[in-house]
Protein chains: 2
Amino acid sequence: MNYSELANVLTQNNLKVTPQRVAVLEALMSLKDHPNADAIKEFVHKNHPNLAVGTIYNILETFCEKKIIRKVKTDRDFMRYDIEMHRHHHLYCEECDYIENYYDEELDKLLQEYFNRKKIPNFNIKDINLQILGNYNDHNPIKKKY
Amino acid sequence: MNYSELANVLTQNNLKVTPQRVAVLEALMSLKDHPNADAIKEFVHKNHPNLAVGTIYNILETFCEKKIIRKVKTDRDFMRYDIEMHRHHHLYCEECDYIENYYDEELDKLLQEYFNRKKIPNFNIKDINLQILGNYNDHNPIKKKY
DNA sequence: TACTAAATAGGAATAATTCTTATATGAGAA
DNA sequence: TTCTCATATAAGAATTATTCCTATTTAGTA
Ligand SMILES: [Mn+2]
Ligand SMILES: [Mn+2]
Ligand SMILES: [Zn+2]
Ligand SMILES: [Zn+2]
């Protein structure tokens, strides 16, 4: 995605186009594995060494409000961010901290049918996310910091 | 659960029985809604006002290692703890920060059959947790701190 | 080009969690 | 029961991700 395509994403969401926002958006798109603020900082500092960390958090919060990205919950003490907004679930690697997107329309249909039939009393379901925990055949127990 | 029953849980897990551990265990069992460290502190301080916060974290970590409890991921900036170790999923209230346990054997069977049939290449599933997001009919948008 | 609301830089503040170390104590041994 | 010592705790400092503050800059508009 080039500069004007990235800028379009911002414009379409009624956001001013700033070099900082474009850089953070680019980072989110380039860093596939649900980066945290620090990983994003590393990425954008290659071209924008003075971009403030507070600004990165501001921008991430703004993107969340506009539903350009969303937060991904982990059991570590930092937040990770996901630019993939199509319906998907997550594979959590227990060896490292890798989180992979898992797309499965058949599963989504199955769950939707199930919960249409089986209501939860007093509760209105808005969304269902699966946390699929396990490990990859070829991953090592090295805790990389994302 | 009385003192000796609580103490038994510790003994069975090869943990020394200390008043602090018993108190934290009791707190975890009494506070139904997946308490965080602060809620546990409040609870135990009623009877043990000098119990150190660092000790609470130590104990929680020990309990996690022994699989007496587990961590619950949220999108807030603190960890919550769950003493229910039977298979269950979670209903996340979007109004407040309530997290309710959701038990559903039929659903678990459905998922198990589904993933027995539909393998994920290169990935071995250990566990599947559903995050069911929504809201209760009778909850108000008050952010209580758990 | 000038105006202005909004965004950013830089650094201080906050808050959950972890770390450090001197002291206390549970549980097995004698 | 008393002794012993590995382990647990108290107290507070340190760490660290995130938020807050505010002077300055800037994007978009006229
Ligand atoms: Mn994702
Ligand atoms: Mn639970
Ligand atoms: Zn991995
Ligand atoms: Zn609620």
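Just so it is clear: chains get the letters A, B, ... in the order the sequence lines come, proteins before strands, and each one is counted from 1. Just so it is clear, the structure is predicted and the values come from calculations on it, not from any experiment. FYI, side chains are in, hydrogens and waters are out, and symmetry mates aren't considered; it's all heavy atoms of this structure.
Sorted by first and then second residue, the pairs that involve residues 121-136 of chain B and meet salt bridge (charged side-chain N to carboxylate O under 4.0 Å, His left out), not counting sequence neighbours, are E94(A)-K126(B), R87(B)-D127(B). Applying the side chain to side chain donor-acceptor pair (under 3.5 Å) test to residues at least two apart or on different chains, the pairs with a partner in residues 2-11 of chain A are N2(A)-S4(A). For the salt bridge (charged side-chain N to carboxylate O under 4.0 Å, His left out) condition, no pair includes a residue of residues 7-30 of chain A, sequence neighbours left out. Residue pairs meeting the ring pair (Phe, Tyr, Trp, His ring centres under 6.0 Å) criterion with at least one member in residues 112-140 of chain B, sequence neighbours excluded, are F123(A)-Y136(B), Y136(A)-F123(B), Y98(B)-Y136(B), Y98(B)-H139(B), Y136(B)-H139(B). Judged as a salt bridge (charged side-chain N to carboxylate O under 4.0 Å, His left out), the pairs with a partner in residues 46-65 of chain B (not counting sequence neighbours) are, in order, E61(B)-K71(B).
Atom CD in E65(B) sits roughly 10 Å away from atom P in dA8(D) (whole-Å rounding). Taking atom CG of L6(A) as the reference point, atom C1' of dA27(D) lies 17 Å away to the nearest angstrom. Atom CZ in F63(B) sits about 11 Å away from atom P in dA8(D), given to the nearest Å. Atom pair R80(B):CZ and dT17(C):C1' shows a separation of 17 Å (rounding to whole Å applied). Spacing between atom NZ of K41(A) and atom P of dA17(D) amounts to 9 Å, rounded to whole angstrom units. Whole-Å rounding puts the L60(A) CG to dT18(D) P distance at 9 Å. If you measure from atom CD1 of I59(A) to atom C1' of dA27(D), you get 14 Å, rounded to the nearest angstrom. Remark: P of dT18(D) and CZ of F78(A) are 8 Å apart, rounded to the nearest angstrom.
Axis orientation changes by 30° from one end of the helix from dT1(C)-dA30(D) to dA30(C)-dT1(D) to the other, with each end axis drawn from 5 pairs and the value rounded to 10°.
Within the 3.5 Å criterion, the main-chain N or O of C93(A) finds no donor-acceptor partner in the side chain of D97(A). Side chain of T62(B) to backbone of N58(B): a donor-acceptor contact under 3.5 angstrom is found.
Close to dT19(D), at under 4.0 Å from its OP1 or OP2, lies no side-chain N or O of Y57(A).
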Quick one: which protein N/O atoms are closer than 3.5 Å to N/O atoms of nucleotides 21-24 of chain C? Pair and distance per line, please.
none

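In this structure, K41(A) and L51(A) have side chains that are not in contact, with every pair of non-hydrogen atoms separated by 4.5 Å or more.
Looking at residues two or more places apart in sequence or on another chain, you find no salt bridge (charged side-chain N to carboxylate O under 4.0 Å, His left out) involving K119(B). With sequence neighbours left out, the salt bridge (charged side-chain N to carboxylate O under 4.0 Å, His left out) criterion links E105(B) to no other residue. Qualifying side-chain hydrogen bond (donor to acceptor under 3.5 Å, both in side chains) partners for H90(B), counting only residues two or more places apart in sequence or in other chains: H34(B), D82(B), H88(B), N101(B).
With no hydrogens or angles considered, no side-chain donor-acceptor pair links H45(B) and N50(B) at under 3.5 Å.
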Query raised in the report: side-chain contact (heavy atoms from CB on, under 4.5 Å) between L130(B) and N129(A): does it pass, once the steps are laid out?
Result: CA-CA 6 Å; L130(B) 265 73; N129(A) 297 319; over 6 Å; no

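Of the options L6(A), V44(A), L15(A), a side chain to side chain contact (heavy atoms under 4.5 Å, CB included) to L25(A) is made by L6(A) and by none of the others.
Scanning residues 12-21 of chain B for heavy-atom distances under 4.0 Å to DNA chain D yields K16(B), T18(B), Q20(B), R21(B). Of the residues in residues 46-53 of chain A, not one comes within less than 4.0 Å of DNA chain D through any heavy atom.
Side-chain atoms of T55(B) lie closest to dA10(D) of the nucleotides dA9(C), dA10(D), dT17(C).
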